[in-house]
Amino acid sequence: MFNTAERMEALPFSGIRVMMERANKMQKEGRDIIHMEIGRPDFDTPEVIKKAANDSLAQGHVFYTSNYGTPELRAAIAEKLTKENGVEYKPEEILVTIGVGEGTYASMAAFLNPGDEVLVPNPVWLNYIHVPKFFGVVPVTYSLKEENDYQINMEEIESKITDKTKMMVINTPGNPTGTVQSRETLEKLAEIAKKHDLIVVADEIYEKLVYGGAKHVSIASLPGMKERTITLNGFSKCYSMTGWRLGYCAAPVEMIQGLVRVHQYINTCAASFVQDAGVTALREAEPDVQMMVKEYEKRRNYAVEALNAMEGISCKVPEGAFYIFVNVKSLGMTSAQVADYLLDEAGVACVPGSAFGTEGEGYIRLSYACSYERIVEAMNRMAKAFEELRTK
Ligand code: PMP
(Lines give C-alpha, C1' and ligand atoms only; values in the text may rest on other atoms or scores of the structure.)
Protein backbone atom coordinates (compact mmCIF):
# COMPACT_ATOMS: atom_id res chain seq x y z
CA MET A 1 0.00 0.00 0.00
CA PHE A 2 1.28 3.44 -0.88
CA ASN A 3 0.22 6.62 0.84
CA THR A 4 -1.12 9.37 -1.39
CA ALA A 5 0.85 12.62 -1.48
CA GLU A 6 0.17 14.96 1.44
CA ARG A 7 -1.55 17.49 -0.79
CA MET A 8 -4.28 14.91 -1.49
CA GLU A 9 -5.53 15.23 2.07
CA ALA A 10 -7.12 18.55 1.10
CA LEU A 11 -8.88 16.97 -1.89
CA PRO A 12 -12.11 15.21 -0.92
CA PHE A 13 -14.25 13.14 -3.28
CA SER A 14 -16.95 15.29 -4.83
CA GLY A 15 -20.25 15.42 -2.91
CA ILE A 16 -22.07 15.21 -6.25
CA ARG A 17 -20.46 11.91 -7.13
CA VAL A 18 -21.24 10.54 -3.66
CA MET A 19 -24.96 11.25 -4.19
CA MET A 20 -24.87 9.83 -7.72
CA GLU A 21 -23.28 6.63 -6.56
CA ARG A 22 -25.78 6.19 -3.74
CA ALA A 23 -28.69 6.86 -6.12
CA ASN A 24 -27.32 4.44 -8.71
CA LYS A 25 -26.86 1.72 -6.11
CA MET A 26 -30.48 2.10 -4.98
CA GLN A 27 -31.61 1.99 -8.58
CA LYS A 28 -29.70 -1.25 -9.17
CA GLU A 29 -31.46 -2.69 -6.15
CA GLY A 30 -34.78 -2.02 -7.87
CA ARG A 31 -35.82 1.44 -6.56
CA ASP A 32 -37.36 3.90 -9.02
CA ILE A 33 -34.99 6.86 -8.71
CA ILE A 34 -35.49 10.25 -10.38
CA HIS A 35 -32.07 11.68 -11.15
CA MET A 36 -32.05 15.39 -10.45
CA GLU A 37 -28.51 15.33 -9.06
CA ILE A 38 -26.70 15.10 -12.37
CA GLY A 39 -25.16 18.15 -14.02
CA ARG A 40 -25.42 16.83 -17.52
CA PRO A 41 -28.04 17.27 -20.24
CA ASP A 42 -30.40 14.37 -20.89
CA PHE A 43 -30.45 15.02 -24.65
CA ASP A 44 -28.36 13.05 -27.10
CA THR A 45 -25.65 15.06 -28.88
CA PRO A 46 -27.26 16.66 -31.97
CA GLU A 47 -27.13 14.38 -35.01
CA VAL A 48 -25.27 16.91 -37.17
CA ILE A 49 -22.37 16.90 -34.66
CA LYS A 50 -22.21 13.12 -34.42
CA LYS A 51 -22.16 12.90 -38.21
CA ALA A 52 -19.26 15.34 -38.37
CA ALA A 53 -17.25 13.14 -35.97
CA ASN A 54 -18.06 10.03 -38.00
CA ASP A 55 -17.08 11.77 -41.25
CA SER A 56 -13.85 12.96 -39.68
CA LEU A 57 -12.95 9.44 -38.58
CA ALA A 58 -13.86 8.08 -42.01
CA GLN A 59 -11.47 10.61 -43.52
CA GLY A 60 -8.70 9.36 -41.30
CA HIS A 61 -8.43 12.33 -38.93
CA VAL A 62 -6.98 10.16 -36.22
CA PHE A 63 -3.64 11.78 -35.42
CA TYR A 64 -2.25 14.36 -33.02
CA THR A 65 -3.16 17.93 -33.88
CA SER A 66 -1.21 21.05 -32.95
CA ASN A 67 -1.03 21.55 -29.17
CA TYR A 68 -3.13 24.66 -29.66
CA GLY A 69 -5.93 22.85 -31.53
CA THR A 70 -6.76 22.60 -35.22
CA PRO A 71 -6.62 25.85 -37.20
CA GLU A 72 -10.24 25.26 -38.28
CA LEU A 73 -11.58 24.97 -34.75
CA ARG A 74 -9.53 27.88 -33.43
CA ALA A 75 -10.84 30.01 -36.28
CA ALA A 76 -14.44 28.90 -35.68
CA ILE A 77 -14.16 29.71 -31.95
CA ALA A 78 -12.58 33.12 -32.60
CA GLU A 79 -15.34 33.89 -35.08
CA LYS A 80 -18.04 32.78 -32.61
CA LEU A 81 -16.63 34.94 -29.80
CA THR A 82 -16.36 37.95 -32.08
CA LYS A 83 -19.89 37.54 -33.41
CA GLU A 84 -21.82 36.30 -30.39
CA ASN A 85 -19.92 37.60 -27.40
CA GLY A 86 -18.83 40.98 -28.69
CA VAL A 87 -15.09 40.42 -28.06
CA GLU A 88 -12.77 40.33 -31.02
CA TYR A 89 -10.49 37.32 -30.89
CA LYS A 90 -8.01 36.02 -33.43
CA PRO A 91 -7.36 32.26 -33.80
CA GLU A 92 -3.95 32.74 -32.07
CA GLU A 93 -5.84 33.82 -28.97
CA ILE A 94 -7.60 30.46 -28.62
CA LEU A 95 -6.35 27.27 -26.97
CA VAL A 96 -8.46 24.14 -27.46
CA THR A 97 -8.66 22.08 -24.25
CA ILE A 98 -10.10 18.88 -22.87
CA GLY A 99 -13.15 20.63 -21.45
CA VAL A 100 -13.38 23.56 -19.07
CA GLY A 101 -12.01 21.21 -16.44
CA GLU A 102 -8.62 21.43 -18.10
CA GLY A 103 -8.99 25.17 -18.71
CA THR A 104 -9.48 25.69 -14.97
CA TYR A 105 -6.40 23.68 -14.11
CA ALA A 106 -4.23 25.27 -16.80
CA SER A 107 -5.25 28.82 -15.79
CA MET A 108 -4.18 28.28 -12.21
CA ALA A 109 -1.09 26.24 -13.02
CA ALA A 110 0.13 28.83 -15.50
CA PHE A 111 -0.45 32.04 -13.55
CA LEU A 112 -0.39 31.40 -9.81
CA ASN A 113 2.51 30.93 -7.40
CA PRO A 114 2.39 29.16 -4.04
CA GLY A 115 0.92 31.52 -1.45
CA ASP A 116 -1.05 33.53 -4.03
CA GLU A 117 -4.75 33.97 -3.41
CA VAL A 118 -7.59 33.40 -5.86
CA LEU A 119 -11.09 34.73 -5.27
CA VAL A 120 -13.76 32.11 -5.97
CA PRO A 121 -17.54 32.17 -5.56
CA ASN A 122 -19.28 30.34 -2.72
CA PRO A 123 -21.29 28.27 -3.57
CA VAL A 124 -19.47 27.12 -6.69
CA TRP A 125 -18.50 24.22 -8.95
CA LEU A 126 -15.98 22.63 -6.64
CA ASN A 127 -13.02 22.52 -8.99
CA TYR A 128 -12.50 26.21 -8.23
CA ILE A 129 -12.04 25.46 -4.54
CA HIS A 130 -9.83 22.40 -4.91
CA VAL A 131 -7.71 22.93 -8.01
CA PRO A 132 -5.79 25.87 -6.42
CA LYS A 133 -4.61 23.45 -3.72
CA PHE A 134 -2.55 21.50 -6.27
CA PHE A 135 -0.37 24.58 -6.53
CA GLY A 136 -0.27 25.77 -2.91
CA VAL A 137 -2.62 28.58 -3.91
CA VAL A 138 -5.21 29.76 -1.37
CA PRO A 139 -8.84 29.87 -2.51
CA VAL A 140 -10.56 32.81 -0.82
CA THR A 141 -14.32 32.65 -1.19
CA TYR A 142 -16.83 35.41 -1.82
CA SER A 143 -20.51 34.80 -1.11
CA LEU A 144 -23.38 34.55 -3.53
CA LYS A 145 -26.40 35.17 -1.32
CA GLU A 146 -30.04 34.50 -2.02
CA GLU A 147 -31.10 37.84 -0.50
CA ASN A 148 -28.86 39.54 -3.08
CA ASP A 149 -30.33 37.39 -5.91
CA TYR A 150 -26.97 35.57 -5.89
CA GLN A 151 -25.34 38.61 -7.51
CA ILE A 152 -21.73 39.30 -6.57
CA ASN A 153 -21.36 41.78 -3.72
CA MET A 154 -18.65 44.36 -4.51
CA GLU A 155 -18.02 45.41 -0.92
CA GLU A 156 -17.32 41.84 0.06
CA ILE A 157 -15.02 41.34 -2.92
CA GLU A 158 -13.08 44.51 -2.10
CA SER A 159 -12.79 43.48 1.54
CA LYS A 160 -11.22 40.15 0.57
CA ILE A 161 -8.57 41.50 -1.77
CA THR A 162 -5.05 41.49 -0.32
CA ASP A 163 -1.65 42.05 -1.88
CA LYS A 164 -1.56 38.28 -2.50
CA THR A 165 -4.74 38.26 -4.60
CA LYS A 166 -3.82 37.55 -8.22
CA MET A 167 -6.92 36.08 -9.79
CA MET A 168 -10.70 36.23 -9.53
CA VAL A 169 -12.99 33.48 -10.81
CA ILE A 170 -16.51 34.24 -11.97
CA ASN A 171 -19.08 31.81 -13.32
CA THR A 172 -22.09 33.13 -15.17
CA PRO A 173 -24.63 31.62 -15.71
CA GLY A 174 -23.65 29.95 -12.47
CA ASN A 175 -23.56 26.48 -11.04
CA PRO A 176 -25.23 25.71 -8.60
CA THR A 177 -27.51 28.77 -8.35
CA GLY A 178 -28.46 29.21 -12.02
CA THR A 179 -27.81 32.93 -11.66
CA VAL A 180 -26.91 35.18 -14.55
CA GLN A 181 -24.67 38.00 -13.30
CA SER A 182 -26.08 41.27 -14.60
CA ARG A 183 -24.20 43.67 -16.86
CA GLU A 184 -24.21 46.17 -14.00
CA THR A 185 -22.58 43.64 -11.64
CA LEU A 186 -19.96 42.74 -14.23
CA GLU A 187 -19.19 46.39 -14.96
CA LYS A 188 -18.51 47.04 -11.29
CA LEU A 189 -16.46 43.89 -11.03
CA ALA A 190 -14.42 44.89 -14.06
CA GLU A 191 -13.50 48.15 -12.32
CA ILE A 192 -12.30 46.24 -9.27
CA ALA A 193 -10.29 43.81 -11.40
CA LYS A 194 -8.58 46.73 -13.16
CA LYS A 195 -7.98 48.67 -9.96
CA HIS A 196 -6.27 45.69 -8.30
CA ASP A 197 -4.65 44.35 -11.47
CA LEU A 198 -6.31 40.92 -11.23
CA ILE A 199 -6.56 38.17 -13.83
CA VAL A 200 -10.22 37.26 -14.32
CA VAL A 201 -11.11 33.66 -15.12
CA ALA A 202 -14.62 33.72 -16.59
CA ASP A 203 -16.34 30.35 -16.79
CA GLU A 204 -19.10 30.76 -19.38
CA ILE A 205 -19.91 27.11 -20.01
CA TYR A 206 -23.68 27.69 -19.56
CA GLU A 207 -23.75 30.86 -21.68
CA LYS A 208 -26.46 29.74 -24.12
CA LEU A 209 -28.72 28.30 -21.45
CA VAL A 210 -30.52 31.53 -20.47
CA TYR A 211 -34.26 32.02 -20.18
CA GLY A 212 -37.03 34.56 -20.09
CA GLY A 213 -35.11 37.33 -21.82
CA ALA A 214 -32.04 37.15 -19.55
CA LYS A 215 -28.86 38.19 -21.35
CA HIS A 216 -25.45 36.64 -20.89
CA VAL A 217 -22.62 39.19 -20.85
CA SER A 218 -18.98 38.18 -21.33
CA ILE A 219 -16.83 40.19 -18.95
CA ALA A 220 -14.05 40.18 -21.58
CA SER A 221 -16.29 42.35 -23.77
CA LEU A 222 -16.18 45.23 -21.26
CA PRO A 223 -13.65 48.04 -21.81
CA GLY A 224 -10.09 47.13 -20.80
CA MET A 225 -11.03 43.59 -19.79
CA LYS A 226 -9.93 41.40 -22.69
CA GLU A 227 -6.30 42.03 -21.68
CA ARG A 228 -6.78 40.44 -18.28
CA THR A 229 -9.46 37.79 -18.88
CA ILE A 230 -9.19 34.08 -19.57
CA THR A 231 -12.60 33.09 -20.86
CA LEU A 232 -13.28 29.39 -20.33
CA ASN A 233 -15.95 27.71 -22.37
CA GLY A 234 -16.77 24.31 -23.75
CA PHE A 235 -19.19 22.11 -25.57
CA SER A 236 -20.36 19.89 -22.69
CA LYS A 237 -23.51 21.67 -21.62
CA CYS A 238 -24.91 23.78 -24.47
CA TYR A 239 -24.32 21.11 -27.14
CA SER A 240 -24.92 18.15 -24.84
CA MET A 241 -21.40 16.81 -25.36
CA THR A 242 -20.21 16.06 -21.83
CA GLY A 243 -18.53 12.81 -22.88
CA TRP A 244 -16.67 14.32 -25.83
CA ARG A 245 -14.41 16.37 -23.58
CA LEU A 246 -13.96 19.53 -25.60
CA GLY A 247 -13.48 23.09 -24.43
CA TYR A 248 -11.34 26.16 -24.93
CA CYS A 249 -9.57 29.11 -23.35
CA ALA A 250 -9.71 32.53 -24.99
CA ALA A 251 -7.07 35.03 -23.84
CA PRO A 252 -4.41 37.42 -25.16
CA VAL A 253 -1.64 35.64 -27.07
CA GLU A 254 0.94 35.98 -24.25
CA MET A 255 -1.46 34.34 -21.82
CA ILE A 256 -2.24 31.55 -24.30
CA GLN A 257 1.52 30.88 -24.37
CA GLY A 258 1.43 30.34 -20.60
CA LEU A 259 -1.59 28.07 -20.82
CA VAL A 260 -0.20 25.93 -23.62
CA ARG A 261 2.93 25.22 -21.61
CA VAL A 262 0.72 23.41 -19.09
CA HIS A 263 -1.56 21.83 -21.69
CA GLN A 264 1.28 20.36 -23.77
CA TYR A 265 2.55 18.32 -20.82
CA ILE A 266 -0.86 17.03 -19.73
CA ASN A 267 -2.99 16.44 -22.76
CA THR A 268 -0.96 17.26 -25.89
CA CYS A 269 -4.19 18.08 -27.74
CA ALA A 270 -7.92 17.40 -27.77
CA ALA A 271 -9.00 14.40 -29.90
CA SER A 272 -8.69 15.25 -33.60
CA PHE A 273 -12.14 14.05 -34.75
CA VAL A 274 -13.77 15.65 -31.69
CA GLN A 275 -12.24 18.98 -32.73
CA ASP A 276 -13.71 18.53 -36.22
CA ALA A 277 -17.11 17.89 -34.65
CA GLY A 278 -16.64 21.06 -32.58
CA VAL A 279 -16.41 23.14 -35.76
CA THR A 280 -19.75 21.74 -36.90
CA ALA A 281 -21.28 22.33 -33.47
CA LEU A 282 -20.38 26.02 -33.64
CA ARG A 283 -21.39 26.51 -37.25
CA GLU A 284 -24.45 24.27 -37.63
CA ALA A 285 -25.99 23.20 -34.34
CA GLU A 286 -27.64 26.44 -33.18
CA PRO A 287 -31.18 25.18 -34.02
CA ASP A 288 -30.54 22.10 -31.86
CA VAL A 289 -29.28 24.28 -29.01
CA GLN A 290 -32.37 26.49 -29.22
CA MET A 291 -34.63 23.42 -29.14
CA MET A 292 -32.93 22.29 -25.93
CA VAL A 293 -33.13 25.77 -24.39
CA LYS A 294 -36.87 25.88 -25.06
CA GLU A 295 -37.37 22.53 -23.39
CA TYR A 296 -35.23 23.50 -20.36
CA GLU A 297 -37.22 26.67 -19.94
CA LYS A 298 -40.51 24.75 -19.90
CA ARG A 299 -39.15 22.39 -17.26
CA ARG A 300 -37.71 25.22 -15.19
CA ASN A 301 -40.98 27.13 -15.17
CA TYR A 302 -42.92 24.08 -14.05
CA ALA A 303 -40.47 23.04 -11.33
CA VAL A 304 -40.01 26.53 -9.88
CA GLU A 305 -43.76 26.99 -9.54
CA ALA A 306 -44.22 23.55 -8.01
CA LEU A 307 -41.41 24.10 -5.49
CA ASN A 308 -42.62 27.50 -4.40
CA ALA A 309 -46.09 26.01 -3.84
CA MET A 310 -44.65 23.60 -1.24
CA GLU A 311 -45.03 24.94 2.30
CA GLY A 312 -41.75 26.15 3.78
CA ILE A 313 -39.82 25.50 0.55
CA SER A 314 -38.76 28.31 -1.77
CA CYS A 315 -36.49 29.19 -4.62
CA LYS A 316 -35.55 32.15 -6.79
CA VAL A 317 -36.31 31.87 -10.48
CA PRO A 318 -32.92 30.90 -11.95
CA GLU A 319 -32.26 32.72 -15.21
CA GLY A 320 -29.70 30.30 -16.57
CA ALA A 321 -27.97 26.89 -16.58
CA PHE A 322 -30.23 23.94 -15.66
CA TYR A 323 -30.22 24.08 -11.88
CA ILE A 324 -32.63 25.26 -9.22
CA PHE A 325 -31.16 26.15 -5.84
CA VAL A 326 -33.88 25.40 -3.34
CA ASN A 327 -34.08 26.94 0.13
CA VAL A 328 -34.94 24.19 2.64
CA LYS A 329 -33.90 26.04 5.79
CA SER A 330 -37.35 25.91 7.36
CA LEU A 331 -37.12 22.12 7.64
CA GLY A 332 -34.57 22.46 10.44
CA MET A 333 -32.28 19.83 8.92
CA THR A 334 -28.88 20.11 7.28
CA SER A 335 -28.94 20.11 3.51
CA ALA A 336 -27.22 16.71 3.53
CA GLN A 337 -29.98 15.34 5.73
CA VAL A 338 -32.63 16.77 3.39
CA ALA A 339 -30.90 15.22 0.35
CA ASP A 340 -30.69 11.84 2.10
CA TYR A 341 -34.31 12.07 3.19
CA LEU A 342 -35.50 12.85 -0.35
CA LEU A 343 -33.52 9.98 -1.80
CA ASP A 344 -34.68 7.46 0.81
CA GLU A 345 -38.31 8.56 1.10
CA ALA A 346 -39.13 9.95 -2.33
CA GLY A 347 -36.56 8.32 -4.61
CA VAL A 348 -35.52 11.80 -5.78
CA ALA A 349 -31.77 12.33 -6.04
CA CYS A 350 -30.43 15.85 -5.56
CA VAL A 351 -27.20 17.40 -4.28
CA PRO A 352 -26.94 19.05 -0.85
CA GLY A 353 -26.00 22.69 -1.26
CA SER A 354 -23.20 22.20 1.25
CA ALA A 355 -21.38 20.15 -1.42
CA PHE A 356 -20.74 23.47 -3.23
CA GLY A 357 -19.30 25.38 -0.28
CA THR A 358 -20.36 26.73 3.09
CA GLU A 359 -22.86 29.22 1.62
CA GLY A 360 -24.77 26.29 0.16
CA GLU A 361 -25.84 25.00 3.57
CA GLY A 362 -29.62 25.20 3.87
CA TYR A 363 -30.15 24.57 0.15
CA ILE A 364 -30.40 21.64 -2.23
CA ARG A 365 -29.53 21.72 -5.92
CA LEU A 366 -31.99 20.18 -8.35
CA SER A 367 -30.97 19.69 -11.95
CA TYR A 368 -33.81 19.85 -14.46
CA ALA A 369 -31.78 18.11 -17.13
CA CYS A 370 -34.23 15.19 -16.95
CA SER A 371 -37.53 14.72 -18.77
CA TYR A 372 -40.58 16.89 -18.09
CA GLU A 373 -42.62 13.84 -17.05
CA ARG A 374 -40.01 12.78 -14.53
CA ILE A 375 -39.86 16.31 -13.13
CA VAL A 376 -43.63 16.30 -12.65
CA GLU A 377 -43.34 12.97 -10.85
CA ALA A 378 -40.42 14.27 -8.73
CA MET A 379 -42.34 17.38 -7.67
CA ASN A 380 -45.33 15.25 -6.61
CA ARG A 381 -43.12 12.93 -4.63
CA MET A 382 -41.25 15.80 -2.98
CA ALA A 383 -44.46 17.61 -2.02
CA LYS A 384 -45.67 14.41 -0.35
CA ALA A 385 -42.37 13.74 1.40
CA PHE A 386 -42.15 17.30 2.79
CA GLU A 387 -45.79 17.11 3.91
CA GLU A 388 -45.02 13.89 5.78
CA LEU A 389 -42.06 15.56 7.48
CA ARG A 390 -44.25 18.38 8.73
CA THR A 391 -47.04 16.18 10.02
CA LYS A 392 -44.75 13.60 11.66
N1 PMP B 1 -17.69 24.68 -15.24
C2 PMP B 1 -18.85 24.59 -14.55
C3 PMP B 1 -19.39 25.79 -13.87
C4 PMP B 1 -19.52 23.36 -14.48
O5 PMP B 1 -20.68 23.28 -13.80
C6 PMP B 1 -18.99 22.22 -15.12
C7 PMP B 1 -19.64 20.86 -15.08
N8 PMP B 1 -20.36 20.55 -13.98
C9 PMP B 1 -17.79 22.36 -15.82
C10 PMP B 1 -17.18 23.61 -15.86
C11 PMP B 1 -17.15 21.20 -16.51
O12 PMP B 1 -16.96 21.44 -17.85
P13 PMP B 1 -16.25 20.42 -18.85
O14 PMP B 1 -17.19 19.26 -19.06
O15 PMP B 1 -16.07 21.24 -20.08
O16 PMP B 1 -14.96 20.01 -18.23
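One-based numbering, in listed order, for ligands and for the atoms of each.
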Any side-chain heavy atom of F325 within less than 4.5 Å of one from P318? no
Can a cation-pi geometry be assigned to K298 and Y372, taking NZ or CZ under 6.0 Å from the six-membered ring centre and within 45° of the ring axis? yes
Using the side chain to side chain contact (heavy atoms under 4.5 Å, CB included) definition, which of the options K166, M168, E158, E191 pairs with H196? E158
Quick one: sort the Y323 and Y206 rings into parallel, tilted or perpendicular, breaks at 30° and 60°. perpendicular
Who passes side-chain contact (heavy atoms from CB on, under 4.5 Å) against D163, sequence neighbours left out? none
Name the residues with a heavy atom less than 4.0 Å from ligand 1? G99, V100, G101, W125, N171, N175, D203, I205, Y206, S236, K237, R245
For K329, does its backbone N or O pair with a side-chain atom of N327 as donor and acceptor, under 3.5 Å? yes
